[in-house]
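To start, the structure under review is shown below, and the notes come after it.
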Amino acid sequence: MNKGVLFVLSGPSGVGKGTVKSRLFEEFEKCVVYSVSATTRQPREGEVDGREYYFIDRNTFEKQIAEDAFLEHAEFSGNLYGTPRDAVIRQLESGHDVVLEIEVQGAMQVMKKMPDCVSIFILPPSFEVLEQRLRGRGTESDEVVERRLSRAKSELPLADQYMYQLVNDTISGTYEKIREIYLKHSTVVHQVYGI
Ligand code: 5GP
């Protein structure tokens, strides 16, 4: 069995990353896994510890940074987020492709440490569309939405540091493009699904 490939997916909050990512896991569940991150943010309604994130407090997070437990970590909207290193390495070694859905600072760290990773940035069709989607989602307060929008403004110019930039006009169109990129770079998917 070949080793897995690491995919890094970024884009502003509300751009649709989560939806296309879930479709990839559904279609290729035997060979692609999601890396569950640690965060100091509070769980949203319906989020489960160990499924969406490992929800930990700041002290524990900082202790784990000191132990070098993270492949990358970053602060976003006042909370810390990080990718547990060992789990990712184990999955890659055991022949699974791994998808990280992370913000740009962390993505830059991963690109440096793991230069063979495949990086994808999803852009909104326009800033206005992003704002509508983020407000329409209704999961965050106005203050949090404002903070995320201003963060998106600073993230968008970094899109050209990624190997691929995709504009999310429609979820199905974007999924087709992600799927194509996935099939191009993964080696295990061809072994597992014979395609
Ligand atoms: P949310 O709070 O909406 O779940 O995530 C906020 C942002 O943090 C999103 O852009 C998400 O991709 C990013 N994020 C989630 N996990 C990680 C991580 O482990 N590392 C980094 N650098 N960003 C993360």
Side-chain angles (χ1 to χ4, degrees), residues 6-22 24-25 33-58 60-65 67-92 98-114 117-124 127 130-131 133-159 161-162 164-166 168 174 178:
L6 183 61
F7 292 83
V8 178
L9 187 62
S10 298
S13 306
V15 79
K17 295 179 295 234
T19 313
V20 290
K21 182 193 73 184
S22 305
L24 195 69
F25 294 125
V33 297
Y34 175 57
S35 157
V36 179
S37 296
T39 184
T40 61
R41 116 157 135 60
Q42 291 299 311
R44 294 189 189 119
E45 212 180 306
E47 286 183 336
V48 176
D49 186 40
R51 190 179 67 190
E52 278 79 14
Y53 285 104
Y54 298 108
F55 296 99
I56 60 177
D57 61 31
R58 198 167 262 263
T60 310
F61 199 105
E62 281 167 359
K63 206 170 129 232
Q64 293 188 4
I65 295 176
E67 289 164 354
D68 203 22
F70 295 116
L71 177 60
E72 61 72 38
H73 62 90
E75 182 130 12
F76 181 93
S77 271
N79 295 302
L80 294 167
Y81 293 83
T83 303
R85 179 201 307 278
D86 288 355
V88 170
I89 304 297
R90 223 180 310 121
Q91 291 288 1
L92 293 172
V98 178
V99 176
L100 308 182
E101 185 201 326
I102 59 177
E103 54 66 65
V104 294
Q105 296 173 54
M108 301 293 145
Q109 296 169 38
V110 175
M111 289 180 210
K112 224 183 242 168
K113 286 186 191 160
M114 318 238 341
C117 73
V118 176
S119 56
I120 305 166
F121 193 97
I122 303 188
L123 292 148
F127 198 73
L130 181 68
E131 183 164 3
R133 285 188 193 160
L134 208 47
R135 292 196 192 283
R137 196 158 76 167
T139 49
E140 273 96 5
S141 66
D142 282 354
E143 190 201 329
V144 172
V145 169
E146 292 303 331
R147 237 188 296 152
R148 285 180 177 230
L149 284 171
S150 85
R151 174 71 182 227
K153 267 193 189 138
S154 61
E155 282 194 349
L156 293 180
L158 290 168
Q161 308 270 328
Y162 288 67
Y164 296 97
Q165 298 83 26
L166 306 179
N168 188 15
T174 306
I178 295 248

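These numbers come from a predicted model, not from an experiment. In listed order, ligands and their atoms are each counted from 1. Hydrogens, waters and symmetry mates play no part in the numbers below; they use all other heavy atoms, side chains included.
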Requested in this report: Sort out the contact shell of ligand 1: every protein residue with a heavy-atom distance below 4.0 Å, listed by chain and number.
Outcome: K17, S37, R41, R44, Y53, E72, A74, F76, Y81, G82, T83, E101, I102, E103, G106, R148
Residues two or more places apart in sequence or in another chain: which of them pass side-chain contact (heavy atoms from CB on, under 4.5 Å) with [X]?
| X | result |
| --- | --- |
| V88 | L6, S35, L71, T83, L92, V98, L100 |
| R151 | F76, E103, Q105, S154, E155 |
| Q42 | none |

Report task. Decide yes or no on side-chain contact (heavy atoms from CB on, under 4.5 Å) for L166 and V20, but give the supporting numbers first. Result -> CA-CA 12 Å; L166 306 179; V20 290; over 6 Å; no
Query - Pairing of R135 and E131 as salt bridge, 4.0 angstrom limit - result: yes
Requested in this report: Using a strict 4.0 Å threshold on nitrogen-to-oxygen distance, state whether K21 and E52 make a salt bridge.
Outcome: no
